Every structure is written in structure tokens, then in C-alpha cells.
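A quick note: this is a predicted structure, and the numbers were derived from the prediction, not measured. In what follows, residues are counted from 1 in the order of the sequence shown.
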Amino acid sequence: MLEVPLLSIKDLCIWFGGGGNYLKAVNHASLEVGRGEIVGLIGQSGSGKTTLAMGLLGLVKGYPGLWAGTAELDGKNLLPDMSRLITLKGDNVEKRYIPYQRAHRRQLHGVLGREIATIFQEPKASLDPFYTVGEHMLEALERNLDRHGGAATGGGLKAVGIGLLKDVGLVDAENLWGLHPHEISGGMAQRVMISMALCAKPKLLIADEPSTSLDVTTQAKLLQLFLHLRDKHGLSIIIISHDIGVIQEISSRIYVMHRGSVVETGASARVLSSPKHPYTASLLDSFSRFGEKLPMPPANPDAGKGCAYREMCAAYRGMLTQDERTRCEGDKPPGQAESLAAAAGVAPVDWSKCHYADKNKAHGPGTPSTANMDRLSAADGSQENIVEVRALRKRFSQGTRSFLALNDISLSIPKGGTYGLVGESGSGKSTLGLSLMALQDVDGGEIIYKGEDILKQSKARMLVLRREIRMLFQHPEGVLNSGMTIESILAEGLEREGRVETADKRRRVSEALEQVRLDPSHGARYPSNLSSGEKQRATIARALITKPAFLVCDEPVASLDLAIQSQVMSLLKEFQRHLGLSYLFISHNLALVKILAHRIGVMYMGYLVEEARVEHFTVSGVRHPYTRLLLASTPSLDPGIREVLAAYPDVEPVRLEGGCPFRNRCPVYLSKRDSICETAMPPLVEHSAGARVACHFPLG
């Protein structure tokens, strides 16, 4: 760590509430970022990561909000003198709110958008749909003319803008300049946002969950881009994420947050190999042992006596002496503020909020955290299929062009089993899911459900079938009506069964909530009063209340942190074991699907390019180059994966006319240049027992 950091935050407090009853969103947290350094800030949803960054930028609303601490960027104070505006009386914070906000805005003038730039999780929500990419870039450049010297005259700004777009890997920047946000992919939009941030030539970039909504291959490119920007522009970066795999790819140091407090910090390699805090160890378990039963961190670490994390601590359970255990049970470990005071204000490089920080807290084999749950695929040997898709085709028009989103797709889903469907954005996964629900027309093929072709059924018959065929979506906010209580939302689903007595309706709503591990009292709440995980469980209850037999799960956990993902996936496993449900599970994350499915299909540009049992899907076992790219692009603690990824060219996926649709990204074709790849689409044929591959030159 450099002696004089670029950014120094000390003892920051951001609380909400009043009367001594506060939600401590950020609780006496300290953080440093060196010049040209990438620092990772990790923790589950609700840990305070984003609130810390937004409070620093003056974007926190609510009382009292930010009320204590200091922050300096390159020697310049980012926070006003709070001693004149804020006082602490007992347990209550008294704050002159409006004067404070004005003082903070004055303090940040000339810093935001210039010295500090920010990119957010959803890039298209930050881009104006009425303006082109070029107009966005010119607006950002015109606000920072003084930073571009002679290029600020004449038509030089456009050249600067195109150069910045190319810097972030958008090689076709000239063509991109005139496009609107809806005409580009999510990965391109995120790179445009980074280019706009670079227009100010900032010293610090704050990236808040920049890759959560991206597919794995685009995410991998984005992480490599951050490394490039650090090296070329000397940029310092804070990357905020709940995914420890993303953080370990690029950060040199890590800060771990839980319930508003920093619980551990240190070099990335050390933290990931030898965590010194039980919560950090639990995050590593969530990443490497996803889908297993894991101990849950305390909801309120400040409550009770002793260390609140001791029940999930491997050292407490097996390594400590009786005297050491007694200390953990009676005394709370010192936090960052106390540790900084003891170190005369010099932030320790390697620190953990633990009495015995010298002991590795990683869970070893045989601990409760490694108790495997049964694999979801229940009826693995069953030959009876609940759904069969035969030669399904769907064509979409795009301006004067058209393309096949589904090109002769055939697959089967066994009763009581799970079929995983993976691929990048635009591969046709969701189109297939919507087709199975008969929510869109198709241009040919059959969808057989329990012997009936649902594409030929009347509207009245489909209303009946939709009690048995239900769908889970990625964003629960789009499913749950914000103006209705959870009880009303669930009861609405029962109306298709005809008149249901009020008492019976309430009983079935309560049963559905209990099935998804929600207290029936949640029925009286509105969606805005639920956490992300609770909302997703409410949508599962909404699907289950009609007692379905088949669920289409379209990215149901993509936007959730790993701990909540694990809870939702465990619920899906349990329902399949006890209720005999069948699933089509759609995701862009092949590693995630491998945990659930017994058979997996891989889609690319409307084609099914590989299909096999789950055991087939390892980096060395797969046979299609695209499937190997998906596996290698998933954030991993294995350094050898990067060598696999390096063999693939950094080009955007495009729809090619004729031949293999993957050839412009395929290292096999780029080395062979065989004309058959350019003229003939390879058929999906059996390559080995139970495995089908569509490739002229399959791997291995």
C-alpha cells in the first residue's frame, strides 16, 4: 500500500432512522485506495457497499444519512465540516439536514464527474433513449473541454470520442456513433458508459456491480477492460460486487463488508486463500460450494455478548482452547475504529475483526458447511417425458432484415427432472421459454406437454393448462404489482380455479408462503417492504399456489447475491424432491446450471450446439468450442482458466450468413480456415453416448 493513498475514508457512518433506533447501513467504516490500484468491495446484498460509495458522492437520501467520518481524494476533503452541522446526543443524531446537503454539494463541486466518475449496474437505465451514442459522448466531452487541450476545437471532439470508444474495446466505433441505446447490446452499453466516464480523465472510477446483468463472456471482457484502463490511464478503481469470483479476477486488495461494517481487509491472494474472518470464509463457501447447506451469518452482529460470528467460525469449533472460546463468547472483537485508534490512525494493510486474526477461518472437509444436498435431478432413469419440443422455429424481423431466433430446436424434459438451457444474451433461450408457455407465436414445430400439442389448443384449454405450466422470471419487480399486498397477488392466481371460499383462499396463501420459507405475516406486506430474496420467494409462491407440474425458470436468480441464490436454488431442489416438479432452467451461467440440471443444452444464435448429461460439462469434457468459452468465462479461482480464455479472439458476437454461426469467435476455425465452416451449418449429431454436438471439428 502506498504511503499517501489517492482516496482515504476514515470512520464513515451512514445511518437511517431516529430516536436511537437506527439502521446502520455504514458503521464506522474505513477504506483506502492507492494510485493506479484496483480495490474490491464485497459482501452480500444489504452489507452497505453501495451506500458507502453513494454517501461519498452525496447521493444518499434519508435522515440522518451521512453524519460522521472523513474522506479525502488526493488531499482534497470530500465531506464538509460536520462538527458545525451534526451533534450526537446520547443515542440520537441531530443533524441540520438542508444546510448539510448544501455544504456537501459545494464540497463536491468540480469533483463529481471529473476527479471521480461512476458507472452503475444497469447501463441502459443511465443512457437517454432519445440520444445516440455520439450525442452522449459529445455531451460528456463538452463538459470537460479543458481536459482535452487542442482537441476541443473544430471537429476534434468526435475524434476524441471515437478514440475513447475504441479504448474500451468497441472497434466499430464509427458505426456505433450514430446508434441509439436500444440498438446496442448490454455489454456495449456498459462500455459506452465507461467511455463517458473517461471523458473527464478522472483519477478514480467507482464501478457498482458493473457485470451483474451481463452474460459471462461479456463479463470476462469487461473485467479485462478494467485492467487495461488501469495500465493505460493510471486509473484507480473501486469495484463493488457480491460475487467474489469477479473481485478476485482484477483487484489487488479486498475490503469485506457485512451489516455496514468492514470485517476484513487484505491482499486479494491472501484473503481468498486464507480468510481471517468467518464471514469471509462463508463468502468463499458460497462461491466454491454453491448449492450446499451453509451456515448463515448473524442478522445483527452488534446484538448479544461476544463475537456474533462464532457459531459459523471453523476456528471456534475446532482450533481454539477453552480459554480462547470463553473470550469469543464474552467479548466482542474490536472494530476498524478501535483498531485505527490503537494504530495511531495508520490503517493496517492486513486486518480482521476477530480476536484470533492469525488463524485461518476457511472451512475444511467434514464441517457442517459441506453437507451436500441431494442433486435436483430426481427421476434420472425415467424415460417418461413431460415436455417434448420438436423442430421448433421462430423468426423475428429487425428493420429490413429478419433472423431465426429458434432454428429447428428439438429437446425433451423428463418428468420430475431438470433440463438446463444456457447461452449468451440473444441466443434464443428466453424465446424458447416463452414459446413453451404459449406466450408468443412460432413459425413451425411442436411443443408436446403430456401428450398434447399446446400450440394447437384453444384459449379455454390454455387457461386450464397454465395452472400446470408456470414461469419464474428474472426480475420479481416486473411480476409483483407494487400496489397490491403479497396476499392479494397470490390470491389472484387462485381465481382461475373459479370461486374459492375466503377461508380456503387464506389457508392456501399461507401454505404457499410457508412452502417458500416466508412467514404468513409477509402476506400483509407490499413488495417494496421485502428484500430481493423475499421478493423472489414470493414469485415462487405465486407460481406454486396453482400446484403446477412444470416450471419454466428464466434467469430466476441472476440479479441476486450468492447467499440468496443458494437459498432460492435449495427451495427449487426441495420442491422437486417432494412435489415431483419438472423444470426448464434458463441461465447464461453454465456453472450455475450444472448444480441443478441432469441434462444441459447449449444455445448460440438460435441453434442448439451441444447437449449432454451434466457430467459431460467440464472444460476438458465439452466438445463444442463455444461451450468451452462459456465455462472458461465464468469467474473462477483456478488460474489455469485464463489460459483457456486467451485462445479466443476478443470480438463481439454477430449473426453470420451461412455456415457455422460461431466461426468468427472460434479458435479452431481461425487456425484451420476450412471452407466447410463458412458454407455449411454443422448438424447436431451424437458424438458420444448421450452427447450431441453441432461442430465440424469437435474438440478432443
Side-chain angles (χ1 to χ4, degrees), residues 43-47 50 121-122 209 212-213 241-243 286-287 290-294 296-297 299 373 376 418 420-421 429-430 433-434 437 469-493 509-546 548 550-576 578-579 581 583-589 592-593 595-597:
Q44 296 171 346
S45 297
S47 61
T50 296
Q121 180 174 346
E122 296 289 347
E209 300 278 10
T212 300
S213 60
S241 180
H242 60 247
D243 190 341
S286 296
F287 180 74
F290 188 84
E292 299 175 3
K293 288 182 178 177
L294 302 175
M296 297 300 294
M373 297 187 68
L376 185 147
T418 300
L421 194 64
K429 309 183 303 297
S430 295
L434 292 171
M437 292 292 298
I469 307 173
R470 305 288 281 171
M471 191 162 187
L472 295 180
F473 296 92
Q474 178 174 353
H475 298 293
E477 294 83 1
V479 177
L480 303 177
N481 190 324
S482 60
M484 298 171 65
T485 63
I486 298 301
E487 181 178 7
S488 300
I489 292 169
L490 298 188
E492 190 178 39
V509 167
S510 294
E511 286 178 354
L513 290 172
E514 288 173 348
Q515 276 185 313
V516 298
R517 304 293 187 271
L518 286 177
D519 191 275
S521 63
H522 283 68
R525 300 185 185 183
Y526 288 88
S528 59
N529 301 129
L530 303 182
S531 69
S532 298
E534 289 171 337
K535 287 178 187 176
Q536 193 59 282
R537 280 186 273 177
T539 63
I540 297 175
R542 177 179 175 272
L544 291 179
I545 200 164
T546 59
F550 177 61
L551 285 183
V552 176
C553 307
D554 189 5
E555 303 273 13
V557 296
S559 59
L560 305 177
D561 67 52
L562 286 173
I564 299 175
Q565 280 187 19
S566 193
Q567 292 172 21
V568 173
M569 303 280 261
S570 296
L571 281 174
L572 294 176
K573 288 183 177 184
E574 187 174 334
F575 295 145
Q576 187 163 60
H578 297 300
L579 304 178
L581 293 179
Y583 299 130
L584 173 68
F585 193 91
I586 298 170
S587 178
H588 60 248
N589 189 336
L592 178 69
V593 172
I595 297 166
L596 291 171

Counterpart residues, side chain to side chain donor-acceptor pair (under 3.5 Å), relative to N589 (two or more places apart):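 In terms of side chain to side chain donor-acceptor pair (under 3.5 Å), with neighbours along the sequence ignored, N589 is linked to no residue.
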task: Not counting sequence neighbours, which residues clear side chain to side chain contact (heavy atoms under 4.5 Å, CB included) with P527? List them please.
output: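 So P527 forms a side chain to side chain contact (heavy atoms under 4.5 Å, CB included) with L480, I486, I489.
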State, to 0.1 Å, how close [X] and [Y] come at their nearest heavy-atom pair, and which atoms those are.
X: P520; Y: E514; answer: CG-OE2, 3.5 Å
X: A524; Y: T485; answer: O-CG2, 3.8 Å
X: A512; Y: A541; answer: O-CB, 3.7 Å
X: V552; Y: G433; answer: CG1-CA, 3.9 Å

Spacing of [X] atom [atom1] and [Y] atom [atom2] [to the nearest 0.5 Å]:
X: E477; Y: T539; atom1: CD; atom2: OG1; result: 9.5 Å
X: M569; Y: L596; atom1: CE; atom2: CG; result: 3.5 Å
X: L544; Y: E511; atom1: CG; atom2: CD; result: 12.0 Å
X: I545; Y: L490; atom1: CD1; atom2: CG; result: 5.0 Å
X: I586; Y: C553; atom1: CD1; atom2: SG; result: 8.5 Å
X: L551; Y: R470; atom1: CG; atom2: CZ; result: 8.5 Å

- request: Determine yes or no for a side-chain-to-main-chain donor-acceptor pair under 3.5 angstrom, with Q536 supplying the side chain and P556 the backbone.
  value: yes
query: Got R537 and H522 here, is their nearest side-chain heavy-atom distance under 4.5 Å?
result: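 Of all side-chain heavy-atom pairs linking H522 with R537, none is under 4.5 Å.
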- prompt: So L572 and Y583, side chain to side chain contact (heavy atoms under 4.5 Å, CB included) or not? Walk me through it.
  reply: CA-CA 9 Å; L572 294 176; Y583 299 130; 3.9 Å; yes
- request: Apply the test side chain to side chain contact (heavy atoms under 4.5 Å, CB included) to residues Q515 and I540: give CA-CA distance (whole Å), side-chain angles for both, the deciding distance (0.1 Å), then the verdict.
  value: CA-CA 9 Å; Q515 276 185 313; I540 297 175; over 6 Å; no
task: Starting from the C-alpha separation in whole Å, work towards a yes-or-no answer on side chain to side chain contact (heavy atoms under 4.5 Å, CB included) for E492 and N481.
output: CA-CA 11 Å; E492 190 178 39; N481 190 324; over 6 Å; no
Residue pair S47 / Q44, side-chain donor-acceptor N/O under 3.5 Å: no
query: For K535 and V479, what are the C-alpha separation, side-chain angles and deciding distance, and is it a side chain to side chain contact (heavy atoms under 4.5 Å, CB included)?
result: CA-CA 10 Å; K535 287 178 187 176; V479 177; over 6 Å; no
